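Within every chain, numbering begins at 1; the chains are lettered A, B, ... in the order of the sequence lines, protein sequences first and strands thereafter. Any value given below was found using the heavy atoms of this structure, including those in side chains, with hydrogens, waters and symmetry copies removed. What you are looking at is a predicted structure, and each value in this text was computed from that prediction instead of being measured.
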Amino acid sequence: MMKFLFMMIFMIPLCFMKNMFWLVQMMLFFMMFLFMNLNLNIMCFFNMSYMFYCDIISFGLILLSIWICSLMIMAGESLFKLNFYFNFFLFNVIFLLIMLYLTFSVLNLLLFYFFFEASLIPTLLLIIGWGYQPERIQAGMYLLFYTLFGSLPLLMGIIYIFNDLNTMTIYFLKFFNMNMYLLYISMIFAFLVKMPMYFVHLWLPKAHVEAPVSGSMILAGIMLKLGGYGLLRVMIFLQEVNLKLNYIWIIISLVGGLFISMKCFCQVDMKSLIAYSSVAHMSMVIGGIMVMNYWGFIGSYILMISHGLCSSGMFCLANINYERLHSRSLYINSGMMNFMPSMSLWWFLLLSSNMAAPPSLNLLGEISLINSLVSWSNISMILLMMISFFSAGYSLYLYSYIQHGKYFQGLYSFYVWFISWVFIIIFALISFKYDNFKGWFYFYLILNKK
Amino acid sequence: MLTNNNSNKMFFLFILFFSTLISISSNSWFGCWIGLEINLLSFIPLISNSKNLLSVETSLKYFLTQSLASINFLFMILIKFSLLKNFNMNNIISIMMNSSLLMKMGSAPFHFWFPNIVEGLSWMNNFMLMTWQKISPMILLSYYFNKNFLIFMIIMNLIIGSLGGLNQTSLRKLLAFSSINNLGWMIFSIMISENLWLFYFLIYSMMIFMMISLFFLMNMYFMNQLFINNMNFFIKLNLLINFLSLGGLPPFMGFMPKWIIINFLLINKFYFLTFIFMMTSLIIIYYYIRIIYSSFMFNYFKMKWVNLLMKNNMSLINLSSFISISSMILSTFIFM
């Protein structure tokens, strides 16, 4: 585990040398394939040392973060061509990757908080440094202050736990029962703001839209999942309070997801639509975690991974359109199938994954989540029905608006060739499903037999 | 002060340092008071410059407020000796003694002189005022304090320090209000233990030193000067890192003292007070980020006729920002 940390730390001097842009990206891919070959054990924590560990959840999320960081560098290729501070950009990406890697793999809850907060700084730098519009100032403020407002009580909660239990090791937390309401609120509020839940979701559309493509990818791909990961870790020792109070968050997130899905239909900006769809998916993830059954946890984990891949891919595609047409508006981006028919393949594949059509991984996640939420209460069937239906609705709406129809008459000719890195995302979607999660299938079979 | 050369300043600087040592190491309260008076007397020549009317006025204001506080302190010492034969701490005389010491430091609610005077001083004098001048009142505070009174003062310090800085454009006043806010953290730490205060104070003074030396070398006194200058990329990065560190964000060095203070706050069960500490530091981070926004933007409006050269003594600044980033990691080598 430390070997990956050292590999990333020593990539930092490499960012500042000449002509090393693609080498850094290749090294990240290399690290991804190295990491994938770690010994994996689903039932327990593995690869434990003094500071680091790996669990099935953190394994998947670290893998996802390395993957998305390497794709971020690929997507930032235009920065390299235009020579716009790409050295510092590479440094930002590697620093962010180190912080995310450490967030998911340290054993100590306070260190988890430390790196959780530390990952905000490079994200803020990415949004404000390389973003496109002047609104990014406000977006950066919203991102920083929403997250900090939530996470400072988390710091209080962690230190309170330390003073009470004299341990901060995440592994030992399952043996304790801290059932205090105020502790519960302070611990999970940070992650609910990060996820984001409906009432505190305001930072997300702003931050996603104003970020450059790399920033949007990492925000949608991993930063939201930090909240899910934190929730999965922290709820273990708060179980009684969870059972009493979780219905609040489930209701808020599911109804909020419904409202957000409907709001997606009103969006004109492509990136804004994808950002709101992220909120809707994450609302289901929150619902799944909060019901606290096994299918809920697994479903939310799978949906987190698949949504990370899917949303990042969609942001890449939106940026491809933006680079060619210099607009993200749906009014201008129509009839793209006439110009870039191979792009319509990727739009279709990613949007069909977004709406959780088979054979995507999103489908597995959503089915598990639907199972867990309906087992919790039958009434959630209505909400889930509407959320799934509307997610299919806006995904199709986005696809057909962009691809079909007549193209905008004011278009000049543009560069059609693109780098086919988006296909790797799809490949990852399918391969993640069938390779790394083979064990899950066996689990489902065993569970079903019971 | 007819001549304003450095040898005079060196003499008074030496006496300034010595006076603080007298004050904190004396056996009797009179010795403390004597140290405070010599402190005042030796600081005045450091800050007054007879050619500049503003600095004369500033030194006069400083003299008036500090001597008022010293007289108050002396009088309360005498009352304590003559009227109170017992030694318990939480009584009304301790409130009065603490008030006079708080006025010496520039803590709320006696803080009104502090931004004014900081506005009239140069950067290096400000550094002395914000760091060294706080040592002896702090330590004297720790000898005889009233817990409830000080907790109330801490809350006032935090709120005034955070809300007062929101409307400022002068960099000196901004750092003055941030200093008032940090006084809240320091008063709490000295209530816990002097060692803890020393730790917080050292890290705080190191961060303030980095900020002030950066502003001093760039000769910047107001916020609009941040946007007019053509700052080198490294200077901007340095500004960014130092301000975020001063605000207490991880992964920079400024997070560590705040984390430790929060630990002691929660051990002693001050839950609501901790919440106030957190939220006011959010407001402080807001106005720090407002200052350093131009550092985030890589290409911004540059004037052609203003050329800020990278001076020779800026390598210290780069080293200090490197320390700011990596000190959390380096500290694990020391402490673990």
Side-chain angles (χ1 to χ4, degrees), chain A residues 9 50-51 79 84-89 91 95 98-99 102-103 108 110-122 124-131 134 136-138 140-141 143-164 180 182-183 186, chain B residues 233-234 236-237 240-241 243-245 247-256 258-290 292-301 324-326 328-329 331-332 336:
Chain A
I9 289 177
Y50 284 119
M51 261 179 71
L79 295 174
F84 187 60
Y85 299 98
F86 62 89
N87 286 325
F88 192 54
F89 172 74
F91 173 68
F95 187 66
I98 293 177
M99 293 297 133
L102 288 169
T103 311
N108 196 347
L110 184 67
L111 280 179
F112 162 75
Y113 171 79
F114 182 77
F115 294 119
F116 175 83
E117 289 294 303
S119 65
L120 268 182
I121 305 284
L124 188 66
L125 282 174
L126 273 175
I127 291 181
I128 301 188
W130 286 275
R136 66 194 194 262
I137 298 179
Q138 192 195 30
M141 284 292 202
L143 167 74
L144 191 69
F145 285 98
Y146 263 83
T147 313
L148 279 178
F149 178 65
S151 66
L152 285 173
L154 174 68
L155 179 64
M156 280 170 64
I158 291 176
I159 295 181
Y160 178 81
I161 292 172
F162 174 65
N163 287 330
D164 203 9
M180 287 158 256
L182 210 54
L183 181 68
S186 62
Chain B
F233 179 64
F234 292 107
K236 283 197 285 186
L237 202 60
L240 171 80
I241 289 171
F243 262 118
L244 288 179
S245 169
L249 283 185
F252 303 118
M253 180 167 68
F255 176 62
M256 187 147 65
K258 303 215 158 146
W259 159 22
I260 295 184
I261 304 262
I262 292 172
N263 189 16
F264 281 102
L265 271 165
L266 290 173
I267 285 177
N268 291 311
K269 301 188 182 13
F270 288 114
Y271 300 127
F272 186 61
L273 187 61
T274 317
F275 188 69
I276 297 183
F277 269 98
M278 304 280 194
M279 293 304 140
T280 51
S281 88
L282 266 189
I283 302 182
I284 294 227
I285 292 177
Y286 171 68
Y287 63 72
Y288 286 162
I289 290 202
R290 227 173 32 181
I292 58 179
Y293 249 138
S294 72
S295 323
F296 287 109
M297 315 288 178
F298 298 128
N299 287 334
Y300 61 101
F301 183 64
S324 221
I325 300 177
S326 60
M328 291 294 302
I329 303 172
S331 66
T332 61
M336 292 184 204

Student: Under 4.5 Å from any heavy atom of chain A, what part of B/Phe277 do you find: side chain, backbone, both or neither?
Tutor: neither
Student: Just wondering, do A/Pro153 and B/Met279 contact through their side chains at under 4.5 Å, heavy atoms?
Tutor: yes
Student: Just so I know, are the side chains of A/Ile159 and B/Leu265 near enough to count as touching, which here means a heavy-atom distance under 4.5 Å?
Tutor: no
Student: Compare every heavy atom of B/Lys258 with every heavy atom of B/Gly247, then report the nearest pair and how far apart it is.
Tutor: O-NZ, 3.6 Å
Student: Between A/Tyr50 and chain B, which part of the residue has a heavy atom less than 4.5 Å away: side chain, backbone, both or neither?
Tutor: neither
Student: Given a strict heavy-atom distance threshold of 4.5 Å, which part of B/Leu282 is in contact with chain A: side chain, backbone, both, or neither?
Tutor: both
Student: Could you have a look at B/Tyr286, B/Phe275, B/Phe252 and say which one has the most heavy-atom pairs with chain A under 4.5 angstrom?
Tutor: B/Tyr286
Student: Taking everything shown except B/Phe270 itself, do over 12 heavy atoms lie less than 6.0 Å from its CZ?
Tutor: yes
Student: With respect to chain A, which residue among B/Asn263, B/Ile262, B/Leu249 yields the maximal number of heavy-atom pairs within a distance under 4.5 Å?
Tutor: B/Asn263
Student: Students often mix this up, so state it plainly: with edges at 30° and 60°, are the rings of A/Phe114 and B/Phe255 parallel, tilted or perpendicular?
Tutor: tilted
Student: Given the options A/Asp164, A/Leu110, A/Leu120, which has more heavy-atom pairs under 4.5 Å with chain B than any of the others?
Tutor: A/Leu110
Student: Looking only at heavy atoms and a cut-off of under 4.5 Å, which of A/Tyr160, A/Phe145, A/Phe116, A/Tyr113 has the most pairs with chain B?
Tutor: A/Phe145
Student: Counting only non-hydrogen atoms closer than 4.5 Å, does B/Ile285 touch chain A with its backbone (N, CA, C, O), its side chain (CB onward), both, or neither?
Tutor: both
Student: Please report the closest heavy-atom contact between B/Met278 and A/Met156, naming both atoms and the distance.
Tutor: CE-CG, 3.2 Å
Student: Are more than 12 heavy atoms, taken from residues, nucleotides or ligands other than A/Leu182, located less than 6.0 Å from that residue's CG atom?
Tutor: no
Student: Check each atom of A/Ile137 against the heavy atoms of chain B and say whether the ones under 4.5 Å are side chain, backbone, both or neither.
Tutor: both
